[in-house]
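Below is one structure, written out as structure tokens; comments come after it.
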Amino acid sequence: DVIDDDTMATATATTLATSESIKAYVDDNSGLKASTATGTITTTVANTFQDFDLSAVVGSNKAMVIMEVFDGNQNGRTIFFRTKGSSVLPLGATFQGGSNTALLGSPDRGNTVIVTTDSSGFLEVLTGGLAISNVMYAVQAFQTIS
């Protein structure tokens, strides 16, 4: 049997696939995918990890995400990201350093962060001292991880 299925959902160990289906599957499942997704991050409590849902961007997948995090009204605030369910804690009271941390400034200053979601597309976010509201993010690219 030969299948013509770009998602390979009907593939088995003994079926062949068309070259068009193989190419479509590889194109859809490899390499960084560009993104124009934007939004805001708000935390309700300081010094407590809270869920940050990126599944609308990466789907229900574990993914590496490259995003800009910035704001104009949270000058001097630091925001720390980690994979949901991770036990990693930031070092020091100001959380400075690392590719998963952004120091926010005014006007519209911040950092590019590289983070990994859990298998449902979630991160956790932590701010110290005070809760934050309307911190902006712009996902630049992501790569699903199988």
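Quick caveat, the model's predicted, so the values are computed rather than measured. Just so you know, residue 1 is the first one in the sequence shown, and it goes up from there.
- No donor-acceptor distance shorter than 3.5 angstrom exists from the side chain of Thr15 to the backbone of Asp1, with no hydrogens or angles considered.
- For Phe142, there are no ring pair (Phe, Tyr, Trp, His ring centres under 6.0 Å) partners at least two apart in sequence or on another chain.
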side-chain contact (heavy atoms from CB on, under 4.5 Å) between Asn134 and Thr42, worked out: CA-CA 5 Å; Asn134 300 316; Thr42 297; 4.1 Å; yes
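- Interatomic distance, NZ of Lys33 versus CD of Gln143, reported as 5.5 Å (0.5 Å rounding).
- Ring geometry for Phe52 versus Tyr137: interplanar angle over 60°, hence perpendicular rather than tilted (30 to 60°).
- Distance check: Phe49 CZ to Thr127 OG1 gives 10.0 Å after rounding to the nearest 0.5 Å.
- Counting heavy atoms from C-beta on, the side chains of Lys23 and Thr18 never come closer than 4.5 Å.
- Neither Leu130 nor Ile41 shares a network with the other; the hydrophobic side chains, linked directly or stepwise wherever heavy atoms of I, L, V, M, F, W or Y lie under 4.5 Å apart, form separate groups for each.
- Atoms OG and CG, on Ser120 and Leu54 in that order, are 12.0 Å from each other to the nearest 0.5 Å.
- Contact detail for Ala131 and Ala46: the closest heavy-atom pair is N-CB, 3.7 Å.
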Anything under 3.5 Å between a donor and an acceptor, one on a side chain of residues 56-65, the other on a protein residue two or more places apart or in another chain? List them.
unit_1 : atom_1 : unit_2 : atom_2 : d
Asn61  : ND2    : Val58  : O      : 2.7

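- Atom OG1 of Thr48 and atom CD of Glu124 lie 11.0 Å apart (nearest 0.5 Å).
- Here the side chains of Thr117 and Phe81 are not in contact, with every heavy-atom distance at 4.5 Å or above.
- The shortest distance between side-chain heavy atoms of Phe122 and Asp53 falls below 4.5 Å.
- Separation of atoms CG (Asp5) and CD1 (Ile22) is listed at 11.5 Å; rounding is to 0.5 Å.
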Step-by-step side-chain contact (heavy atoms from CB on, under 4.5 Å) determination, Met136 to Asp108: CA-CA 9 Å; Met136 295 170 278; Asp108 294 333; 3.4 Å; yes
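- Only one option out of Leu89, Leu126, Thr116, Thr101 pairs with Arg82 in a side chain to side chain contact (heavy atoms under 4.5 Å, CB included); it is Leu89.
- Under 3.5 Å, the side chains of Thr83 and Asp118 contain no donor-acceptor pair of N or O atoms.
- Between Met8 and Ala17, the closest heavy-atom pair is CE-CB, 3.6 Å.
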Given Glu68 and Thr112, is the side-chain contact (heavy atoms from CB on, under 4.5 Å) satisfied, shown in steps? CA-CA 4 Å; Glu68 293 178 332; Thr112 298; 3.7 Å; yes
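- Cluster membership for Val69 and Ile114, using ILVMFWY side-chain heavy atoms within less than 4.5 angstrom, is not shared.
- At a cut-off of 3.5 Å, with distance as the only test, a side-chain donor of Gln50 or Thr44 sits close to an acceptor on the other residue.
- Distance check: Leu32 CG to Ile66 CD1 gives 5.5 Å after rounding to the nearest 0.5 Å.
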